[in-house]
Amino acid sequence: KVDPIFGRNPFLLKGQEWKDKRAEITPAFTQLRIKAMYPVIEDVCERMKKYIIKENKQAIECREMSAKFTTDVVSSCIFGVDAGSFAGGNAPIREMGKRILNFSPRLMLYFLLVQLVPAFKKFFKISLVEKVVETFFVGIMKDAIDLRKRNKIDRTDYLHYLLELQERKKLTELDMVAHAITFFLDGFETSSIVLSFTLYELAKNKDVQDKLRSEIRETIKKHGEITFDVVHEMPYLEQVVAESLRLHPPAFFMSKTCTESCELPIRGTKLETIEEGYYVVIPIYSIHRDSRYYEDPDTFNPERFAPEKGGTKIYKEKGCYIPFSDGPRICLGMRFAQTQLKLAIVSLVKSFEITVDEKTPKEIILNPKDIIPTILGGVWLQFNEIKAK
Ligand code: HEM
């Protein structure tokens with residue numbers, strides 16, 4: 001029996017169940033659909049900029065600011081509603097996002113153990129957590145659908161896709177909510193962590209920030225504005241995001257089940273047999289920081305991915321650049337994540353000089369309580385507005 005909400009996430013499924021679920025949601029992430037969501041992301045970038053200006057000169061904790069950003073993006077794209085995370089007060093969807101992640105060590109443990117040993121699913125009951133999440137999101141979903149139908153809104157976003165799917169496949173309300181929660185859960189936290197680490201690295205490395213700002217200005221001069229197609233054709237921005245994902249991959253490991261006995265070379269020579277049914281843990285974080293593959297691996301250096309050096313392609317081919325995994329289970333939201341990240345970075349670097357505030361710890365220690373790596377004590381940055389001349 002599958003868990004009604006979390007158990008339908010392709011991330012946690014296997015075999016035919018996984019294939020069916022993945023096939024069902026893949027069309028939601030086509031280039032065309034992400035392009036259609038671009039103006040929605042642009043709107044949220046504007047709200048984030050206004051929030052920074054309003055906070056005025058105070059240092060801003062960017063882990064929380066980034067989570068507000070991705071919560072608003074994801075909510076606008078799934079439910080077509082403004083989650084209002086930047087409006088002050090306790091915005092309910094942001095609060096629910098916090099609750100889901102902090103819910104209890106039980107939920108964290110669930111995800112961790114199911115990732116490591118999928119068989120653990122049998123022994124865990126998370127029905128209470130699911131009930132709260134389900135009740136909350138069913139309410140939002142109902143309102144979102146009602147609003148869309150009543151106002152005859154025609155927007156090619158994720159909700160639009162879910163409504164089409166509902167017609168075609170006769171999805172139940174719970175199916176729809178489970179899909180929406182997959183997008184919400186897999187989407188907002190991973191991307192927000194990457195955004196906060198990227199802002200931190202840009203603040204620490206002024207030369208990189210300046211070079212990126214020059215690329216942004218040149219691009220605007222050439223194209224007038226930064227559209228969806230243009231944002232994906234900015235080589236230095238691509239390098240900065242790629243390097244941030246290398247140094248700070250939010251999914252720091254993944255586990256795979258061996259479906260067919262095979263032999264793997266260990267340390268390049270000795271062959272080791274991996275039996276069918278074995279669980280294999282792939283430590284993304286350690287691979288990305290291994291000096292056998294990366295020169296000076298702990299240094300943030302976007303130059304290593306310069307186009308003339310082959311970009312990330314050569315590292316991907318060697319299997320040592322895998323922030324979004326690889327193969328048939330590669331992250332479904334990769335293109336969407338990259339789009340929202342790039343747009344947020346462009347929007348902030350264009351408008352602000354970003355520096356590290358003294359409240360940020362000098363030595364980075366990762367919070368041992370978080371399932372996704374975050375900086376203990378937070379990422380405190382200063383934003384000084386660049387006034388147009
Ligand atoms: C920078 C942000 C992101 C990173 C680094 C990331 C990373 C990953 C990784 C490493 C996996 C594979 C896990 C495994 O093989 O065990 C994965 C799977 C997945 N991701 Fe992402 N992700 C990000 C953002 C997103 C977003 C925004 C969405 C959706 C909106 C999303 C949806 C998914 C889904 C549905 C899967 C499961 C795919 C499957 O098993 O077939 N991710 N992600």
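Every number for a ligand or one of its atoms is a count from 1 in the order of the listing. Hydrogens, waters and symmetry mates are skipped; everything else that's a heavy atom, side chains included, is used. On a predicted model such as this, the values are computed, not experimentally measured, just so you know.
Q340 and S191 share a donor-acceptor pair across their side chains, judged by distance under 3.5 Å alone. Residues H232 and T339 have side chains that bring a donor and an acceptor to within less than 3.5 angstrom of each other.
Clustering ILVMFWY residues whenever any of their side-chain heavy atoms sit less than 4.5 angstrom apart, transitively, puts I284 in the very cluster that holds I330. Linking Ile, Leu, Val, Met, Phe, Trp and Tyr residues whenever their side-chain heavy atoms come within less than 4.5 Å leaves F383 and I386 in two separate clusters.
Close approach of ligand 1 to A251 (heavy-atom distance below 4.0 Å) involves ligand atoms 10 (C). When each atom of ligand 1 is checked for a heavy atom of M254 under 4.0 Å away, the hits are 14 (C), 15 (O), 16 (O). Listed by number with element, the atoms of ligand 1 under 4.0 angstrom from any heavy atom of R22 are 38 (C), 39 (C), 41 (O). For ligand 1 and F183, the ligand atoms under 4.0 Å from any heavy atom of the residue are 30 (C).
With respect to R63 and E189, a salt bridge is recorded, a charged nitrogen being found less than 4.0 Å from a carboxylate O. With salt bridges taken as basic N to acidic carboxylate O contacts below 4.0 Å, one links E238 and K342.
Of the heavy atoms in F29, only side-chain atoms (C-beta onward) come closer than 4.0 Å to ligand 1.
The aromatic rings of Y200 and F197 lie perpendicular to each other, with more than 60° between the two planes, well past the 30° mark.
Remark: among candidates C331, A28, P250, the nearest residue to atom 11 (C) of ligand 1 is C331, based on non-hydrogen atoms. Between the choices H248, E189, H179, K256, the shortest heavy-atom distance to atom 15 (O) of ligand 1 belongs to K256. Nearest to atom 7 (C) of ligand 1 by heavy-atom distance, out of G327, C77, P323, G333, is P323.
The shortest separation from a heavy atom of S191 to ligand 1 is under 4.0 Å, placing the residue in contact.
Side-chain contact between E303 and E243 is absent, with no heavy-atom pair separated by less than 4.5 Å.
Where the criterion is an N or O separation shorter than 3.5 Å, residue side chain and backbone included, Q340 fails it with respect to ligand 1. The shortest N/O to N/O separation between W18 and ligand 1 falls below 3.5 Å.
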